Amino acid sequence: MPVQVIDGAPETLLPSHLQKVDLKYLQMGCDQANKYFQGTVILSYPLTKLGNGTEFFKIVLQENSCSKTSTINVLFFGRLADDCGKVVHQGDTMVVAGFNVAKSPSANEDDRHCCHLEVAEDAGSTPVAPKYTYTPLNHLQGGTIVNLYGAVKFFKPPYISKGTDYCSVVTIVDQSNVKLTCTLFNGNLDALPKIYKIGDIVRFHRIKIREYNEQMQGITGIGFASLTFDGTVGAPIVPRTSSKLYSFTEEEQKTIEELRMWAASNLSVCGPTAKLSGVQPMLFFDLTCQLVGKAEVDGSSFLLKVWDGTKCPYPSWKVLVEESDLEGDKVLIHRLRNLIVDILVYDNHVKLAKSLKVESFLRIYSLHTKQASAENQPDVSYVEFHLHGGTCYGRGIRVLPENNPDVKELKAFMDSVNLTESQNVESMSSVELDVIVSLLNSLYFYCFTVLTDHQHLDDTALNTILNSAVPQQYRIRAKLRTFKPQKLYQSVKLYCSKCNSLQEVPDGDDFDLILRDCAATAPNPEVHNSLWYHSAVWDTENQGQRKIAVHFVKHDELLQEPEDTLIMVQGGTLKEIRKLSRRFKCIIPVRSTKEDLELLDLSAPFLLQGKIWHYGCKQCSNQKTIQSLSSLAEEEPSWEPTEIARVLGIEPLQYVFVMKFTLDDGTGALDAYLFDYEKFFQIPASEVLTSSLLQEKMEMIMKILCPPGTKLDDLPWLECCIRSYNVKDGMEQQVCYQIFDTMVAEDVI
DNA sequence: TTAGGTTTTG
């Protein structure tokens, strides 16, 4: 006869001739045919096979008395072992009859009864275990041990308690609309319910009910076991459990379906989940993500680098750590740098965070996004991600298994992410940048800029400079608290050294308009071909009457190779001129009058050399005829822009960086202007607007000199030469400062 | 034993 699982007290099913035996009277040699033993399963071992292939199952039963030898080993053999192994659980009450009593070989070691019970089916044994009945939550009574079903209304993912165990707090509710908060402890994380979401359905076996603060409370006791199910209506009913052996009936499937339906309309399941792309500052939300890097920051905080395939719409902070402290695939971290966010976890979460495996999928509950801006750059704000200490509101971290539906969806999405789309702007990863800054910063005497002259000067404190007579030159050591403009391309201006005027760099659209205007007038054939240039005219297809004339400047009456040739172009579009500038050394856009070719208005560049457009000062230029160029053509022409400008009577404008640096050395702070053609950044101002590579390089340098989100104390030191000078502003005299003879240190570049 | 739901202030 197989194991019987019955409702209510198992002994009521027993034949009346059977007598209960006490462990203290149990001994070998006595007839056990009319005896039965009843106890609670306090331990069950995994089902195994003996050497001869017989199934074997061992449990420990505890008698409900307090004598010293109140526990006994019970061994099951054959099919009975198999049956018992499937239904018997720790904490169950069990009745065994038809057993043999034999000497326990392990009595000396396990301190249990000196005999053990052997039960095999052929001996007519009929062990019985109680069938599970489930108590509705409105029928709970203190001091009982019950089995429950419920939908999860609230939960704290397992966290390391202050004692020896993991703890998880779970509030469940059922159709009676009564809720029960359960405090579950276990030294084994896997033994706690695997709840991932509000709305999951749980089944608890053998949970203790007691009263606390005038409310019922559930708490783990001996033999507690749980199953967790996805709460989605219609989802497959697959229990999440660490136990390989558990009972599960069709009737229970029905219970789950009913609870799912009930919860769907009675429980607000829509938790605050969000993708990184939907992050809002000042928000608590649950993030499902993959861990790509982790690092210890200090004793009370730990860094997790995660991504979810989407891009956070705000700049997010980067937490500074030593490269050697960062665990994770550096290449991957670099590749994902624009999608990764840094999360700092604090206090009680640190220990769990440390144990997380890189590459694992996580759900981080009640993650806090906080908007902040740096002390030194108040106009630049960024988002910080914090998992604060404590477990309020279910704050915590849970590892999701690979087969979790949300993880599957996340993986599929991550696989489809096109990384090139998100890798704009920065050419260097923030990790690399952070490493450079932290390494160099750790050297107290390291300066991120160096002097190109005046090394003999001693450092002067900024407060001394502020109180000194003007003009003077100084050597200083200070930190770059902030700078303007923050958009670096805005720092490039055009400067006339003759009238000292500064102007914005015209953009391509202005030039395009001028070119279109010129193209409206057809080239005059009378001015084509001369002693010093050869002309060619092309018709444009499908563009009405537009003609393009190109005048190739000759040397010694001969044409030169295109890469050495200056051409004058009339009627071309911006696109065509750009194309020609890739092939020919120099281009001068022209138009034709009745008598001659002439330069365009000085709002347009007078000369294009590769990607560099040269402009002239409208105020200081005194334009000469285009014929003046012939004098240059006679010589061996090198087509230097300054020479071309000179013969054409143009005062050339120079590209410069103009920036305002707020410097602070602790004694005082002052604004100093940086006025630089190329020397300071080692980047020509004339090329930066047309080179994304140079823009990225400049951006990186500024990030190193003035890392966003860094406190003044942690900013790197700069060494500079500055000069003070007076500026007249109407009647007022103003003192200004300018950086000179200084450049960014080579290590930084 | 631990925690016993109800957001840190980094």
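Each chain gets a letter, A, B and so on, in the order its sequence line appears, and its residues count up from 1. Just so it is clear, the model here is predicted, and its values are computed rather than measured.
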Which nucleotide, [options], lies nearest any side-chain atom of [X]?
X       : options                 : result
S161(A) : dG5(B), dG10(B), dT2(B) : dT2(B)
T164(A) : dG10(B), dT1(B), dG5(B) : dT1(B)
R395(A) : dG5(B), dT8(B), dG10(B) : dT8(B)
D347(A) : dG10(B), dG5(B), dA3(B) : dG10(B)
F154(A) : dG5(B), dA3(B), dT1(B)  : dG5(B)
D165(A) : dG10(B), dT2(B), dT7(B) : dT2(B)

Is there a side-chain polar atom (N or O) of K156(A) under 4.0 Å from OP1 or OP2 of dT6(B)? yes

Can you see if the side chain of K370(A) gets near the phosphate of dG10(B) - specifically, an N or O under 4.0 Å from OP1 or OP2? yes

Quick one: [X] [atom1] to [N] [atom2], roughly how many Å, whole number?
X       : N       : atom1 : atom2 : answer
I198(A) : dT6(B)  : CD1   : C1'   : 12 Å
L387(A) : dT9(B)  : CG    : P     : 12 Å
K711(A) : dG10(B) : NZ    : P     : 9 Å
K351(A) : dT2(B)  : NZ    : P     : 15 Å
L192(A) : dA3(B)  : CG    : C1'   : 13 Å
L304(A) : dG10(B) : CG    : C1'   : 15 Å
K153(A) : dT6(B)  : NZ    : C1'   : 12 Å
H349(A) : dT7(B)  : NE2   : P     : 14 Å

For residues 174-184 of chain A, which residue pairs pass the side chain to side chain donor-acceptor pair (under 3.5 Å) check, not counting sequence neighbours? T171(A)-T181(A), D174(A)-S176(A)

Closer to the 5' end of DNA chain B via nearest nucleotide, is it G389(A) or C392(A)? C392(A)

Reference residue Y166(A); test side-chain contact (heavy atoms from CB on, under 4.5 Å); the match among L189(A), D190(A), L184(A): L189(A)

Side-chain atoms of residues 348-359 of chain A: list all donor-acceptor pairs with protein atoms under 3.5 Å, sequence neighbours left out, distances to 0.1 Å.
residue: N348(A); atom: OD1; partner: G390(A); partner atom: N; Å: 2.7
residue: H349(A); atom: NE2; partner: H388(A); partner atom: O; Å: 2.9
residue: H349(A); atom: NE2; partner: G390(A); partner atom: O; Å: 2.8
residue: S355(A); atom: OG; partner: L352(A); partner atom: O; Å: 2.7

Less than 5.5 Å between centroids and less than 30° between ring planes, does Y346(A) satisfy that with dT8(B)? no

Under the 5.5 Å and 30° test, is Y393(A) stacked on the base of dT6(B)? no

Could you pull out all residues at least two apart from Q215(A) that satisfy side-chain contact (heavy atoms from CB on, under 4.5 Å)? none

chi for dT6(B) classified (syn = within 90 degrees of 0, anti otherwise) as syn

Any chance you could measure L140(A), atom CG, to N138(A), atom CG, to the nearest 0.5 Å? 8.0 Å

How is S301(A) classified with respect to the nucleic acid when contacts are heavy atoms under 4.0 Å: base, sugar-phosphate, or nothing? nothing

Under 4.0 Å, counting only non-hydrogen atoms across every strand here, what does Y365(A) touch: a base, just sugar-phosphate, or nothing? nothing

Please give me every residue in residues 211-220 of chain A whose heavy atoms get under 4.0 Å of an atom in DNA chain B, ordered by residue number. Y212(A), Q217(A), I219(A)

Quick one: do D325(A) and L303(A) satisfy side chain to side chain contact (heavy atoms under 4.5 Å, CB included)? Show the steps, please. CA-CA 10 Å; D325(A) 289 342; L303(A) 170 67; over 6 Å; no

Ring pair (Phe, Tyr, Trp, His ring centres under 6.0 Å) against W262(A), all qualifying residues, sequence neighbours excluded: none

Counterpart residues, side-chain hydrogen bond (donor to acceptor under 3.5 Å, both in side chains), relative to T232(A) (two or more places apart): D230(A)

